[in-house]
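Data first, discussion second: the structure below is written as structure tokens.
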Amino acid sequence: DLVLELAGVEKAYNRGKPNELVVLRGADLQVAPGEIVALVAPSGAGKSTLLHIAGLLDGADAGRVAIAGQDAAGLGDRRRTAIRRQNVGFVYQFHHLLPEFTALENIVLPQLANGVSAAAARARAEDLLNRVGVAERAGHRPAALSGGEQQRVAFCRALANAPQLLLADEPTGNLDPDTADRVFAALVNLVQETGLSAVIATHNLELAARMTRMVRLEGGRLIAG
Ligand code: ADP
Ligand code: ADP
């Protein structure tokens, strides 16, 4: 079973208006369990749009979007949100951690909201932090962490509720090249160790080359690269 399937996805902003901008013109993508797909395109090509549609944060104008075999077409917001919460983790260029909570708490809270017991949530948070090498920073708030540490914690938070699919939008884009390299490696390890599938948008071709495969977003379509 595919973890993610996009077929013939179309998306325009300001449809029908003078400033209409067609971003996706029939994008197809199939992600199998365990695959880590690099999504490569220049800035403005539509990577964020594609990831938002893939994660059911935004709707396509046409085409099929299915997550873990569940077709999202025609579903209402509540069902789409339920599929997203159960199956998808997001990471962005910026960490978006809650500033008043510690690193550990930032990973525990989404689990508590999902009905996990406090003890189990804490154990999972500690395990995830350990895997990305920031266990000793668990009690610090985000502001006390380095940029690389903040992103590592954000990866853990995205995986807190054990999604099947991780969608990452330039996850190391705000870091200096050396830090980006190490943080990126930590992300790929984490994805592999937890058996996740991932689509990771980046314009760093060296990083992209280390993934299972690469797709390019060109002219609103996805092309094997
Ligand atoms: P990328 O992530 O590859 O930089 P985006 O998906 O963010 O690209 O944006 C693709 C194009 O759509 C860009 O030209 C951007 O300016 C435009 N765009 C993005 N969001 C909106 C929006 N809400 N309304 C209008 N245009 C948008
Ligand atoms: P851009 O895509 O223009 O580079 P950012 O890197 O700031 O923009 O953010 C990446 C994407 O994350 C954007 O498309 C934005 O809509 C989304 N985003 C920003 N903040 C949040 C948030 N707090 N929660 C969910 N999505 C967010």
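In listed order, ligands and their atoms are each counted from 1.
Contact analysis leaves A41 out of contact with ligand 1, as no non-hydrogen atom separation drops below 4.0 angstrom.
By the 4.0 Å N-to-carboxylate-O rule, D71 lies close enough to R64 to be salt-bridged with it. Ionic pairing of R131 and D127 is present here: one or more N-O contacts between side-chain nitrogen and carboxylate oxygen are shorter than 4.0 angstrom.
Using cut-offs of 30° and 60° on the angle between ring planes, the pair F90 and Y92 is parallel.
Between V23 and ligand 1, a contact under 3.5 Å exists for no N or O pair.
You'll find the side chain of R157 stays beyond 4.5 Å of the side chain of V153, heavy atoms only. Between N87 and Q70, the closest side-chain pair of non-hydrogen atoms falls below 4.5 Å.
Heavy-atom proximity to T49, at under 4.0 Å, picks out these atoms of ligand 1: 5 (P), 6 (O), 9 (O). Residue S48 approaches ligand 1 through these ligand atoms, each under 4.0 Å from one of its heavy atoms: 1 (P), 2 (O), 6 (O), 7 (O). Every atom of ligand 1 is numbered from 1 in the order shown, and the set under 4.0 Å from a heavy atom of K47 is 1 (P), 2 (O), 3 (O), 6 (O), 8 (O). Of all atoms in ligand 1, numbered sequentially from 1 with element shown, those under 4.0 Å from a heavy atom of S43 are 4 (O).
Only the side chain of L21 comes within 4.0 Å of ligand 1, counting heavy atoms alone; its backbone N, CA, C and O stay farther away.
Taking CZ of F155 as the reference point, atom CG of N189 lies at 11.5 Å (rounded to 0.5 Å).
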